[in-house]
Amino acid sequence: MKKNILGIMALFAVVFLFTALKNDSFLNAYNLQNLIKWSCLYGLIGLGVSFVIITGGIDLSIGSVIGLVASLLALLLSKGRDPSTCIALVLALSAGIGLMHGLLITKVKLQPFVVTLCGLLFYRGIARYITDNQSMGFSGHDTLDSIFSGKVAVSSQFALPAPFFYLVVVAVVAALFLNRTVWGRYLFALGNNETAARYSGIDTDSLKILAYVACSLLTGLAGVLFAFELNSVQPASTGEFYELYTIAAAVLGGCSLRGGEGSVLGVIIAAAVIRLLYNSINMLGISTHLEYAIIGAVILAGVTVDELVKRYAAARRTRQQAE
Amino acid sequence: MKSFLVSASLAASLLLLSSCNPSGDDPKTGGAKKPKIAYVTNGVDPFWDLCAGGVRHAEKALGIECEVHMPNKGLVDQQRILETLLAKGISGIAVSPIDADNQTAFLNDAAKQTKLITQDADAPKSARLCYIGTDNYKAGRALGKLVKEALPGGGEVMIFVGRLEQLNARQRRQGVIDELLDRPSQSATDVKFDPVAGAIKGERFTVLDTRTDDFDKARAKSNAEDAMTKHENLACMVGLFAYNPPACLDAVKEAGKTGKIKICGFDEQDAALAGIKEGTVHGTISQQPWKYGYESVRVLKQILDGDKQAVPENRFLEIPFLVVTKANIDEFWAEKRRMEALGKQP
Amino acid sequence: MADVAPTALLQARQLTKQFPGVRALRGVSLTLHRGEVLAVIGETGAGKSTLMKILAGVQSPDSGEILVGGKPVRLPSVRAAQRLGIALIHQELNLADNLDIGANLFLGREPGRGGWIDHASIRAGAREQLDRVGLKESPDTLVGTLPIGRQQLVEIAKALSSQARILIMDEPTSSLSRHETDTLFHVVRDLRSQGLGVIYISHRLGEVKALADRVVVLRDGENAGEMDRAAIVPEAMVRLMVGRDLSQFYVRQPQQPGDVVLEVDRLRTPAHPGRELSFQVRAGEVVALAGLVGAGRTELLQTLFGITPALGGQVRVRGRVQRLRNASDAIGAGMALAPEDRKQHGLVLPMSVRENASLPSLRRDQRRGLLNRAAEELVARRTVDQLGVKTPGLDQAVQNLSGGNQQKIVLGKWLALDPHLLLLDEPTRGIDVGAKREIYRLMDGLAARGVAVLFASSEMEEVLGMADRVLVMHEGRLAGELPRARLTEEALMQLATGGASDSGFTA
């Protein structure tokens with residue numbers, strides 16, 4: 001697992017240094033703040049989906065959940081409801097969505113791909129229906145705005161964006177959970193071999209449900225943050241395709257889609273790498289049409305190198321044992 | 001599998017039809033004598049709701065009944081809707097074809113059975129009676145004029161757009177560029193486009209770059225942020241799609257550069273209008289979507305009434321765009337709100 | 001080892017193969033002649049399967065030489081081996097259930113042209129091969145609808161249709177009925193008379209005696225000896241396989257049993273819903289569950305452990321009625337199960353020795369939900385030390401360990417919980433002789449400490465050597481119970497087969 005993080009860190013460092021050398025403004029405070037902000041927003045959902053991927057599952061509904069949460073929040077706020085109640089309500093809704101996914105997957109034994117694919121369609125449709133598919137704004141909620149998309153100055157030059165603090169808290173909790181708690185260990189065990197975990201007396205169903213709840217809840221939180229960051233919601237498009245970026249970040253950050261592997265730091269850095277790439281492409285003035293090609297190529301290169309390193313290490317171990 | 005898809009989409013479109021227009025088969029209004037027309041969009045979007053507002057307005061003003069259909073699953077869905085309308089014996093259809101070139105044969109077929117016009121997007125090779133639309137190149141040039149107004153001394157300009165694959169996006173972009181560089185006007189039917197990559201330098205203005213965001217507002221905003229980082233002397237942001245000016249405004253406000261960087265753009269999202277009102281957005285070019293709806297209904301009615309003057313000779317009915325600035329913001333916004341409310345009526 | 005015999009069909013010389021953590025083969029040689037059935041026997045883990053995979057081109061040897069018809073050959077792939085006339089018939093059949101017999105026989109080399117399949121010539125070709133193995137079925141029959149014994153024959157027909165001259169059969173009778181086994185033997189003898197060479201791998205010594213012309217014995221990846229037809233007697237084979245006398249191998253010192261630990265009353269399992277099972281196991285007892293494949297032993301253990309909850313009946317552990325809905329309930333009741341399929345059910349292979357050994361006890365040792373690293377280390381360390389697990393370190397992934405060491409970790413992870421009742425399903429399957437002996441010693445030691453041990457086994461010697469008492473199952477019911485005093489191979493076989501005597505039971 002250590003090696004995965006080294007690889008992704010190296011990738012981050014290379015792109016970062018390259019861009020910094022090529023463009024003077026890249027390192028200025030404003031740009032770094034932006035980079036941190038977007039990285040943290042995507043990192044949050046990346047962490048969420050990592051839990052699910054560690055169990056060997058997948059969540060394709062992330063983008064739609066973001067759209068639904070943001071739309072519903074805008075709708076409730078526009079009707080003059082109490083802001084903290086609204087926030088609590090949409091977070092509870094996202095946790096409920098995760099719970100439903102988990103129950104369908106463990107108790108009804110549907111495949112995660114199918115359940116969350118239907119979720120992708122369903123939540124997007126609901127978001128469009130409740131808002132009449134109209135764009136909604138978030139003006140006039142200054143307190144919420146500063147809580148979710150404000151900045152905290154650390155010096156006269158530099159201010160940390162709000163999403164950073166949410167990510168730090170979530171990352172610390174997630175890292176502790178995965179690496180230090182019994183349930184974290186169980187989660188890895190069940191991702192690697194669910195049957196063996198069950199034979200060891202582990203309540204695999206509850207753990208899986210927990211993973212889906214964590215994923216949707218973090219997605220919901222990210223939805224709130226995105227809503228206030230963008231100050232408006234397009235029910236049909238807000239969050240669209242975010243699940244793909246997120247799954248890419250999780251895989252690049254060391255999660256295996258087969259389950260049982262994953263690292264909090266790796267996923268966060270991977271999310272940052274993807275944001276960094278967008279930023280660098282803009283900074284270097286590379287044609288906007290090349291964006292997808294570059295990002296796809298870099299992610300593919302990242303996972304290929306990772307796989308080769310793993311295989312090399314395994315081969316070396318075998319040779320050592322043979323001697 | 002194939003038959004499953006077909007029947008599924010059939011079921012879906014039936015569902016859509018019944019929910020879109022619950023009064024469609026109502027015997028009170030659906031009398032055989034009274035002509036009935038239909039307005040078919042290319043998808044679901046707030047833009048189309050404003051158009052629907054114009055349709056409703058025309059219904060009342062002209063005394064004709066018009067169904068509004070918004071296909072939400074693309075080409076196949078649109079085709080189903082049109083087929084169903086033809087089967088019902090609809091008298092006239094105004095449609096925004098999703099893929100004009102490949103729909104030509106189908107549209108020709110439809111034109112034999114009903115009065116067919118196109119609106120918003122044209123199908124020039126088909127037998128439609130006329131096309132109602134905006135000249136996006138001209139509108140782009142108008143936007144360029146707005147930029148000149150905002151920056152009398154010239155400066156660096158950056159363009160933001162969802163996708164450049166769409167013709168209207170490319171025409172708008174080229175209009176802006178040609179105007180800023182004081183090039184002669186091109187014919188709207190045959191525009192030559194500048195390459196996307198690289199800066200385009202003129203005497204007073206430099207168009208630094210055009211960035212796309214694939215309709216992702218988060219990326220629209222981060223593109224604007226990155227532009228400010230990369231180009232210290234950026235003087236104006238130009239947003240070509242509805243959500244671009246608000247995204248630029250957000251980024252500029254957060255960077256504390258309000259007033260320093262001007263914002264101009266297309267369409268009429270509330271956030272952009274609010275920006276114009278408070279002076280943070282210089283102005284926007286509105287296509288007045290409701291006019292699409294109104295004009296479509298009006299033209300179809302005239303055709304059905306047998307008015308020979310209904311269709312201009314070149315079969316193109318241009319909807320004039322409106323330049324919205326601080327000067328006319330209040331009345332424009334009021335009009336928009338009225339149309340929005342009308343459009344949401346079933 | 002005879003050098004280049006004129007009739008030598010296949011020769012292997014000094015084959016060596018190394019896997020991570022295990023040396024599977026160390027200089028193994030064998031010779032197969034035309035018209036001969038050569039049995040290769042050995043304990044599981046002796047290297048039989050590896051040897052066969054090498055000969056069939058599934059794996060490549062690290063060193064050594066293979067000759068076909070006297071000429072040295074390389075077998076980089078199954079296809080290369082097939083081209084030289086070598087066909088492997090796997091333990092698990094390699095047939096596509098959803099296709100018919102003809103399609104299976106010609107899979108990958110369908111006659112026809114331009115992508116179109118010539119069904120007529122498939123049917124004709126299939127008919128010919130099916131006749132050779134005595135199958136009357138139409139080539140259009142779906143393979144999935146055939147009983148397992150006939151599928152085996154289809155597999156052989158498939159090998160024959162690819163012009164095989166050398167047939168390698170890996171435990172072909174492990175899931176066959178008595179009658180199907182007889183049919184198979186008939187076919188094998190027939191093929192022998194047609195001049196084919198057959199390598200027959202089995203640990204059923206009765207079958208070997210009945211069928212083989214010659215026996216090669218492997219032990220711990222080496223040649224342990226060879227016997228000609230006349231010399232083939234089970235005792236001699238066992239001695240060569242095990243490497244010492246049986247009396248020294250099994251370490252069981254029965255003691256006076258204590259209180260009843262497990263009391264099963266009219267238990268009905270989902271596998272055999274019509275049968276009711278009732279029995280007891282006492283503290284300090286080692287009880288074997290014997291029976292043929294499919295008798296319901298594994299299913300019984302899984303039901304006791306809550307994996308497939310019971311349909312009816314009652315289970316009492318140490319006097320208290322238990323609701324066993326999942327493994328967690330069973331563990332709470334003081335049970336532990338070392339499952340038959342170690343890799344699928346017993347271990348999380350990519351995880352380390354430490355993580356596997358501590359998995360069930362993590363919960364007990366937790367501190368407010370946090371992992372107790374010290375306790376975890378202790379559990380793992382004790383497992384490795386007490387059971388003599390050979391591993392480079394506690395952080396080694398268990399997938400890199402040998403079968404025996406893996407099984408020790410499966411046992412170790414349960415022993416950390418101090419169970420009252422230890423359920424073992426085929427506790428020594430697939431592990432080497434040394435590790436076997438240690439596991440027997442462990443079972444004996446646990447019983448001496450008052451643990452009740454219930455183990456299911458298909459190995460007759462193991463049952464005879466270790467059990468204080470044997471519960472014999474037949475088609476889902478308890479056919480009978482044999483105390484150690486009345487325990488003989490014949491008595492056991494009689495119960496296991498539902499009355500009929502059978503010499504084909506495992507050795």
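Computation of the quantities below employed the complete heavy-atom set of this structure, encompassing side-chain atoms and omitting hydrogens, waters and symmetry-equivalent molecules. Every chain is numbered from 1 and lettered A, B, ... according to where its sequence line falls, protein lines coming before strand lines.
The minimum heavy-atom distance linking Trp38(A) with Glu225(B) is given by the pair NE1-OE1, 2.6 Å. Residue Lys230(B) comes nearest to Leu284(A) through the heavy atom pair NZ-C, 4.0 Å, listed as atom of the first residue, atom of the second, then distance. When every heavy atom of Ala251(B) is checked against every heavy atom of Tyr30(A), the shortest pair comes out as O-OH, 4.0 Å.
Among Glu165(B), Glu340(B), Arg219(B), Glu232(B), the residue making the largest number of heavy-atom pairs under 4.5 Å with chain A is Arg219(B). Of the listed residues (Ala218(B), Pro195(B), Ala220(B), Ala271(B)), the one with the most heavy-atom contacts under 4.5 Å to chain A is Ala218(B). When the candidates Leu35(A), Val233(A), Asn31(A) are compared by the number of heavy-atom contacts under 4.5 Å with chain B, Asn31(A) comes out ahead. In terms of heavy-atom pairs under 4.5 angstrom with chain B, the leader among Asn34(A), Asn231(A), Asn23(A) is Asn34(A). Interface remark: of the candidates Leu41(A), Asn279(A), Asp24(A), Asn279(A) forms the most heavy-atom pairs closer than 4.5 Å to chain B. Taking Lys37(A), Gln234(A), Met283(A), His289(A) one by one and counting their heavy-atom pairs under 4.5 Å with chain B, the maximum is reached by Met283(A).
Distance check: Met228(B) CE to Asn282(A) CG gives 11.5 Å after rounding to the nearest 0.5 Å. The CG atom of Asp270(B) sits 10.5 Å away from atom OG of Ser232(A), with the distance rounded to the nearest 0.5 Å.
There is no side-chain donor-acceptor pair under 3.5 Å between Lys217(B) and Thr238(A). Neither side chain, Tyr278(A) nor Asp226(B), offers a donor N or O lying under 3.5 Å from an acceptor on the other. If you check the side chains of Ser25(A) and Thr229(B), you find no donor sitting under 3.5 Å from an acceptor.
By the neighbour-count criterion of 12 heavy atoms within 6.0 Å, atom NZ of Lys201(B) is sparsely surrounded, having that number or fewer from other residues, nucleotides or ligands. More than 12 heavy atoms of other residues, nucleotides or ligands lie within 6.0 Å of CZ in Phe158(A), so this atom counts as buried by the packing criterion. Within 6.0 Å of the CZ atom in Phe165(A), the count of heavy atoms belonging to other residues, nucleotides or ligands exceeds 12. The number of heavy atoms from other shown groups lying within 6.0 Å of CD (Glu278(B)) is above 12. Within a 6.0 Å radius of CZ in Phe193(B), other residues, nucleotides and ligands contribute more than 12 heavy atoms. Other residues, nucleotides and ligands contribute over 12 non-hydrogen atoms within 6.0 Å of the CZ atom of Arg338(B).
Contact annotation: the side chain of Ser222(B) approaches that of Arg275(A) to within less than 4.5 Å [non-hydrogen atoms, C-beta and beyond]. Between Asp214(B) and Glu240(A) there is no side-chain heavy-atom pair separated by less than 4.5 Å. A heavy-atom distance below 4.5 Å is not found between the side chains of Thr210(B) and Thr288(A). Counting heavy atoms from C-beta on, the side chains of Glu291(A) and Arg211(B) come closer than 4.5 Å. The closest side-chain heavy-atom distance from Glu254(B) to Glu229(A) is below 4.5 Å.
For Asp45(B), the part lying near chain A is the backbone, with the side chain staying farther off; criterion is any non-hydrogen pair under 4.5 Å. Heavy-atom distances place the side chain of Asn28(A), and not its backbone, under 4.5 Å from chain B. Only the side chain of Tyr42(A) has a heavy atom closer than 4.5 Å to any heavy atom of chain B. Interface residue Tyr242(A): only side-chain heavy atoms are found under 4.5 Å from chain B.
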